[in-house]
Number of protein chains: 2
Amino acid sequence: MTNRVRRTMPLLPISIVMQLTELTARQIRYYEEHELISPARTEGNKRMFSLNDVDTLLEIKDHLDQGLNIAGIKKIFDMRNQPKNEMAEPKNLSDAELRKILREELQGTRSYERGGLRQGDLSRFFKGNG
Amino acid sequence: MTNRVRRTMPLLPISIVMQLTELTARQIRYYEEHELISPARTEGNKRMFSLNDVDTLLEIKDHLDQGLNIAGIKKIFDMRNQPKNEMAEPKNLSDAELRKILREELQGTRSYERGGLRQGDLSRFFKGNG
DNA sequence: ACACGATGTTAGGTAATCTGACACAATAAA
DNA sequence: TTTATTGTGTCAGATTACCTAACATCGTGT
């Protein structure tokens, strides 16, 4: 059986992810709608999240806190998933678009006060022996 | 915030635990009824399981496969949780009872063919980086 | 002033889970 | 052999947790 269980395995219902990330269901669904995450679905269409999903959500939260918008975050994620740049394709992000994103990032609203987890914290989850 | 997340945190709904352990909901509830596990409950009374719970369930499954009965397993767990033996109390497990348990254990039905996880496998869950 | 982006909220629907009861096969006890 | 007991299956009826879709709101940027 190739049934190795991993960080990508859909284990968590949205309620738990809400607690873990301190995001509302609305927010989480909205981010999915904009393809920042793609949680699995049960047969009955309920979202099930992996630990990677939770990590991604925490990262989204960080970026938003720093003034990025969804489009910018998406761009970042997309770049990360393009292993190398085969720059033959006509990149259809205009200069204006890019500048806008950068501008928003640079003027960073920087409102840092969070009770919950932070990006990377998930590695702590399952280490110790209780 | 003392919000360290651990193996004891209730994260998993019963459906996922069923997949992970290859036990039926009936079995899982039955083991709870007999106090082998004590999963947390949501406000709405749904069971939520920790990784420790899953480990325990896998151990229960092993023991049952080896011919132990619920009472025996419970005894084992109880002993484990009694840090040291303060043998002043009148132990109310009769010799007969003890012998019965041992007998059952020794004649072990030993039907070993399992596709799923084994006790200890959970440590594999969240190590690697994808 | 207006449009847009991110989120709140509500309504109506359904999947997942709950408890409790009864059935049953395999074992143990009488 | 007959009669419990154990562990599990299954069903019914109730309730929770989740779903989508729509509209409301609040802040920011143009």
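The chains referred to below are lettered A, B, ... by the order of the sequence lines, with proteins before strands, and numbering in each begins at 1.
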#### Entry: Length of the line joining B:Q19:CD and C:dA16:P, which is rounded to integer Å
11 Å
### Message
I want to check one thing: is the phosphate of C:dC18, taken as OP1 and OP2, less than 4.0 Å away from some side-chain N or O of B:R29?
### Response
yes
### Summary
Of all heavy-atom pairs linking A:T21 and A:K61, the shortest is O-NZ, 3.0 Å
### Task
Grab the CG-C1' distance between B:L12 and C:dT17 for me, whole Å please.
15 Å
### Rounded distance in Å - CD1 (B:I16) to P (D:dC18)
12 Å
#### Entry: Nearest-nucleotide comparison on DNA chain D, the residue closer to the 5′ end among A:S15 and B:T24
B:T24
## Note on the structure
Whole-Å distance, B:R26 CZ to C:dC22 P, equals 13 Å
### Inter-residue atom distance B:I60.CD1 - B:L36.CG, 0.5 Å rounding
4.5 Å
### Task
Whole angstrom is fine here: how far is it from NZ in B:K74 over to P in D:dT6?
14 Å
### Query
Side chains of B:T56 and B:E59: is there a donor and an acceptor less than 3.5 Å apart?
no
### Task
Taking only heavy atoms on the protein side, list every residue of residues 41-50 of chain A lying under 4.0 Å from any atom of DNA chain D, sorted numerically.
A:R41, A:N45, A:K46, A:R47
### Task
Give, for atom CZ of A:R47 and atom CD of A:E32, the distance between the pair rounded to the nearest 0.5 Å.
4.5 Å
Distances under 3.5 Å between protein N/O atoms and the N/O atoms of nucleotides 3-6 of chain C, please, pair by pair.
residue	atom	partner	partner atom	Å
C:dA6	OP1	A:I70	N	2.8
C:dA6	OP2	A:Y30	OH	3.1

### Query
Could you give the distance from OG (A:S50) to CG (A:D55), rounded to the nearest 0.5 Å?
8.5 Å
### Value in whole Å for how far the C1' atom of D:dT8 lies from CE of B:M18
13 Å
### Task
Compare every heavy atom of A:N52 with every heavy atom of A:T8, then report the nearest pair and how far apart it is.
CG2-ND2, 3.3 Å
#### Entry: Residue list, salt bridge (charged side-chain N to carboxylate O under 4.0 Å, His left out) with B:E35, at least two apart or on another chain
none
### Summary
Nearest heavy-atom approach of A:A25 to A:M18 is N-CE, 3.7 Å
### Query
Any donor and acceptor pair, going by atom type alone, linking the side chain of A:Q19 with main-chain N or O of A:I16 inside 3.5 Å?
no
### Message
How many whole angstroms separate atom CD of B:E32 from atom P of C:dT17?
### Response
14 Å
